Each structure stands twice: as structure tokens, then as C-alpha cells.
Amino acid sequence: MRYQRPKGTADILPGDSEKWQYVEETARQVFKTYQFKEIRTPLFENFEVFSRSAGDTSDIVTKEMYDFHDKGDRHITLRPEGTAGVVRAFVENKLYGPQVLKPYKVYYMGPMYRYERPQSGRLREFHQLGVEAFGSESAALDVEVIAMGYNLLNKFGLADLKLVINTLGDQQTRDDYRQALIDYLEPHFEELSDDSKERLHKNPLRVLDSKAPEDQKFVEAAPSILDYLSDDAKTHFEQTKTYLEALEIPYEIDATMVRGLDYYNHTIFEIMTNSRALGQGYTTICAGGRYNGLVKELGGPEVSGVGFGLGVERLLVLMDAEGVEVPMDNQLDVYVVGIGDTASATTLKLAQALRTAGFTAERDYLDRKPKAQFKSADRLNARYTMTVGEAEIEGQVVNLKEMATGNETQVAMADVYKNAKQVIK
RNA sequence: GCGGUAUUGGCGAAGUGGUUAACGCACCGGAUUGUGGUUCCGGCACGCGUGGGUUCGAUUCCCACAUACCGCCCCA
């Protein structure tokens, strides 16, 4: 085998592509009911768009970016996530302007790129569905975004979902908490894992996310960010909880939950599932939160945002594992069987007429015998076969067979051409 | 970036340092001439991921590389 696809990429073939279409269509439907509109942004952006937004110390920027210099020596990055590009577009197109209705609500779906070691449901080219809403600081918008994600996953037939929320507060909260965390961890510095030693000063919140056993006991006893919330941050979080309760969406609070991207503040959330398909215990399928400083960070005014991203490959792995039935339209209306060398033009015309009338139709292109053609018709799940040989051409009729019953009737060719809908029910 | 396992026909899968690489599915052909889903018969890898090496001889042993999967890191 000479060529193979690049590491960490996948071909999505018929049989699977239907599932993708189902996921995308369902998402579009749901997003529409919440009045989110589609936005399409480039697959690549200037490197700085991502390095500024994700944070220079984040793993995404430091080791997972697919970046290169193009022929004009521009530093280009294949987008590793959706939010930064959308925010860039929001700023560049001045969508914060007074003439644009607020909040400005958009969704996107498409490929993302991360230079990672591939695993099940984790590819280098992967796909995300995501939404972003700009221009309102109301916790009601946080909850709308969460509810929409939750709803969507429900629509996909996933049970056993768990919503986990936390707050990272505002800048004041973060500064205070960061200091408290450093003060708490500093005396134990030598006992921490090597990774966490590294994290402590760069991004101490990430220590909370450590899975290293030697860190666990410190994480457990660590001060909680919930005790450091400013009044504003507290109010926002309380409202978020109130609204979630109003919608009767069950949730848990995990005060140690953090995010891989630095731009989040206030509400962050993950929708998790207990399916074993993605490994042991609960794993995250949909994650997001609020990012109030990001628009400004990318050169816009002080406009807030909130959104989520959802990994399509992971979703499909889950749906498969949970036995979710994707509706597939595998019916063929008519298979036109041609017998003998002279029938080809006629079967072509018949198939064409049926298709024009809106039916699905197929015929043989390999000069195979009737028996083989009937076999194909069967494989294709044909409702009818329409047989044409010399005798039929002679009489200008076709032999119509209903496959389920085996009943055969003769129909005038002219009727197929003119009133296909009368012939095929 | 680190560690482990794997790689045999379109697919699933057995197998051995030596001469014809099981079996199943799928596919193709046939069982009297123009009709399907069952059955029967026949066909279907000059080749065992790629490149080196060891050996009289390797698909089977060794090395490198590639890819996949699992774990770590991280995350969707």
C-alpha cells in the first residue's frame, strides 16, 4: 500500500457519513430553535490569534499547534479550537456595533487541528460543533448555552449525562485565589509532582487538575475558589445556579474544575458521560464557559462572551457504544434491469425519467446477467424492479415487479415517462 | 514527547524457520437459454505493513521506520 492518510486523520466513508449528516442536521435544528446562526471562519488564522487567546503557557500553544510559515513568511496556524477565530471575526467585522442585535449568537461546525498522539476519539484532525454568544453578561445567557448543549446531547439519545459547573470568578477573584493557592502550595513544593512544580508559578490553577497521586492530597485540602469570589462573581454564580434550577437541569459543582484554555472566567462547565466507550469513569463530551476578556484581548472593545465546544468524533463513539439508532434512508425505489445488448439506452432513459420524477433509481453498468442484476436490486433494498428486454422494447412496455410480494405487472413505457408517480406508488 | 501491544487476501481470522499460507464473510461464475433474498458446486493471497539484517532457507528470529490501538501528558 503506497499512500496512507496522514497520522491522526480519518476518511469518513458512506455508511459513516450518514451519521455525520444526522449529527450536523440535528445540531442545526436545535441551534435554530435557540436562534443561533451559523458562522464560517477560516480553517487557519495568524498564529497570534490563538497564542493570544489560549494563553502562552497553555499546552495547546506550547506543543499542540499545527503551525507553519507560508510562502509570504506569515506565521499561520491551523485552528486548534473554534472560539478564537470566531472572536477574531466578531472583532474584525465590528459585530459589537450598535446596529447589531445583542446578544450576537452564532454556531460553527468543522475540522480542528491539534498535533497530538492519536487515540480513540482523539485525532489530529477532528471536528467540533460549537456556539458562541456575545454581548450580554447575564447569567441567563450562560444557562441558555448550557441548556442548549444539554438538550442537544439528549436529542442524540445519550443518557447518563452529568452537568458539572464551576466558576473562575472575575479578575479580582482570580488574583486573590491565585495568591491563596500559591501560599498554600509553596510550603509543599518539594512534595509536588514535577509537572505541578512547573505549573505552580506559571498557572497554579492547573495544579488542581493534576491526576498525579502525590498531588491529590494537596488538591483535596486546597482552598476553594468559591471562598474567594468577589461580590460580582458570587452574584453571577448564584444566578447561574438559580436559572439552572428553574430549567430543572441537575448539576454538580466541582470547585477544582479548571480549563485548558486561559481565557475563561466566571461560569465554566462540562457535560460528562459515564459511558465506558471513552474510558473509565466520567469523561467530558461537551465543555465551555464564559470568556469576558477575550474580545478585548483580540483587539475589540469590552464585550463579554460565552460558549461551548463539542467533539464530534467523541460524540459518535458514544452514540455507537450506546446503540443510538441513526435514521438511515437506505431505500431504493426502482432498479431498472436491462436484458441484452439493445436495452441499455432504454434503461438509461427509464432511470432518468424516474429520477426526474423524484424517485431514486439505479441500473446496471457492468453488462451483467439478469440474475446478477436482481441480486444487486436486492442488495440495494429496491422496492421495485423494472425489467426491459427485447420483447418489452418491441411492445413498448416494461415488466414491473414489486420485490416484497413478487407480483409482476406490465406497464406501458409511455406511462413511466409521463406519469411515473402513477406507476410507482 | 514517553511507554506498551499489534500489523496475514476487500473484510474477519488460523498458522509454521523449510517445499501447495487453514477457515469464515463478501465478491465473481455455474446448477440448460430473461428474474432476487435459501441450497449446492467452482473461482478468488506468486503473498503475510515497509526497508534492512541473521540463516543453506523467514511470513515466522533481530533492528529501524510507518500506521493503528491502549496508557501517560493533555484534552474534544
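Just so we're on the same page: letters track the sequence lines, and every chain starts at 1. The model shown is predicted, which means the values in this text are computed figures rather than measured ones.
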Mind checking the P distance from B:C46 to B:C40? Whole angstroms is fine.
28 Å

Between P on B:U67 and NZ on A:Lys7, what's the gap in Å once rounded to a whole number?
4 Å

Residues 11-24 of chain A vs side chain to side chain donor-acceptor pair (under 3.5 Å), sequence neighbours excluded, gives A:Lys19-A:Asp320

Does any residue of residues 396-417 of chain A have a heavy atom under 4.0 Å from RNA chain B, and if so, which ones, in number order?
A:Asn399, A:Lys401, A:Met403, A:Gly406, A:Glu408

In whole angstrom, give the distance that lies between atom CG of A:Asp11 and atom P of B:A68.
11 Å

Is the shortest side-chain N/O distance from A:Arg5 to OP1 or OP2 of B:A68 below 4.0 Å?
no

If the P atom of B:G43 is compared with that of B:U5, how far apart are they to the nearest Å?
41 Å

For A:Asp67 and A:Thr77, which I'm curious about, is there any donor-acceptor pair between the side chains at under 3.5 Å?
no

OP1 or OP2 of B:G30 under 4.0 Å from side-chain N/O of A:Lys369:
yes

Spacing of A:Lys375 atom NZ relative to B:C28 atom P, expressed in whole Å
7 Å

Check if the side chain of A:Glu392 and the base of B:G34 share a donor-acceptor pair of N or O atoms closer than 3.5 Å.
yes

Where RNA chain B forms runs of at least three Watson-Crick or G-U pairs (i with j, i+1 with j-1, under 3.5 Å), the stems are B:1-7 with B:66-72, B:10-12 with B:23-25, B:27-31 with B:39-43, B:49-53 with B:61-65

Would A:Glu125 and A:Tyr113 count as having a side-chain donor-acceptor pair, cut-off 3.5 Å?
yes

Can you tell me how far P of B:C75 sits from NE2 of A:His127, to the nearest Å?
22 Å

Of the nucleotides B:G34, B:A68, B:G29, which one has an atom closest to the side chain of A:Ala372?
B:G29

Is any side-chain N of the basic residue among A:Glu252 and A:Lys162 closer than 4.0 Å to the acidic one's carboxylate O?
yes

Please classify the nucleic acid contact of A:Leu310 as base, sugar-phosphate, or nothing, using heavy-atom distances under 4.0 Å.
nothing

Residues which pass ring-ring contact (aromatic ring centres under 6.0 Å, His included) with A:Phe237, listed by chain and number, not counting sequence neighbours:
none

All pairs passing salt bridge (Lys or Arg N to Asp or Glu O under 4.0 Å) where residues 31-49 of chain A contributes a residue, at least two apart:
A:Arg28-A:Glu38, A:Glu38-A:Arg40, A:Glu45-A:Arg88

Atom-pair distance (CZ on A:Arg117; P on B:A66), nearest Å
10 Å

Please classify the nucleic acid contact of A:Gly8 as base, sugar-phosphate, or nothing, using heavy-atom distances under 4.0 Å.
sugar-phosphate

According to the interplanar angle, ranging from 0 to 90°, do the rings of A:Phe47 and A:His75 count as parallel (below 30°), tilted (30 to 60°) or perpendicular (above 60°)?
parallel

How far does the P atom of B:U16 sit from the matching atom of B:C11, given to the nearest Å?
23 Å

Is the phosphate of B:G71, meaning OP1 or OP2, less than 4.0 Å from a side-chain N or O of A:Gln119?
yes

Could you check how far CG of A:Asn381 sits from C1' of B:G37, rounded to whole Å?
11 Å

For A:Asp415, what residues pass the side-chain hydrogen bond (donor to acceptor under 3.5 Å, both in side chains) criterion, not counting sequence neighbours?
none

Over 60° means perpendicular and under 30° means parallel, so classify the ring planes of A:Tyr104 and A:Phe90, tilted if in between.
tilted

Does a donor on one side chain sit under 3.5 Å from an acceptor on the other, for A:Asn399 and A:Glu408?
yes

Which part of the nucleic acid does A:Leu316 contact within heavy-atom distance under 4.0 Å: base, sugar-phosphate only, or nothing?
nothing

Describe the nucleic acid contact of A:Ala382 in one word from base, sugar-phosphate, nothing, applying a heavy-atom distance below 4.0 Å.
nothing

Would you mind telling me which residue lines up with the more 5' stretch of RNA chain B, A:Ile339 or A:Tyr115, judged by nearest nucleotide?
A:Tyr115

Report the nucleotide, chosen from B:G36, B:C73, B:A68, that has the shortest atom-to-atom distance to any side-chain atom of A:Arg122.
B:C73

Using the P atom as the point on both nucleotides, what is the distance between B:G24 and B:U19, in whole Å?
22 Å

Can a donor-acceptor pair under 3.5 Å be found between the side-chain atoms of A:Arg368 and the base atoms of B:G29?
no

Pick base, sugar-phosphate or nothing for A:Glu313, based on heavy-atom distances below 4.0 Å to the nucleic acid.
nothing

Roughly, in whole Å, what's the span from CG in A:Asp378 to C1' in B:U35?
11 Å

Would you measure the distance from the C1' atom in B:C73 across to the matching atom in B:A14 and give it in whole Å?
39 Å

Rounding to an integer number of angstrom, what distance separates B:U20 and B:C28 when you compare their P atoms?
31 Å

To the nearest angstrom, how far is A:Asp364 atom CG from B:G36 atom C1'?
14 Å

Quantified in whole Å, what is the P atom distance between nucleotide B:A26 and nucleotide B:C41?
15 Å

Using the P atom on both, measure B:G3 against B:U59 and round to a whole Å.
29 Å

State yes or no: are the ring centers of A:Tyr107 and A:Phe36 separated by less than 6.0 Å?
no

Could you check whether the rings of A:Phe269 and A:Phe308 sit parallel, tilted or perpendicular, using 30° and 60° as the cut-offs?
perpendicular

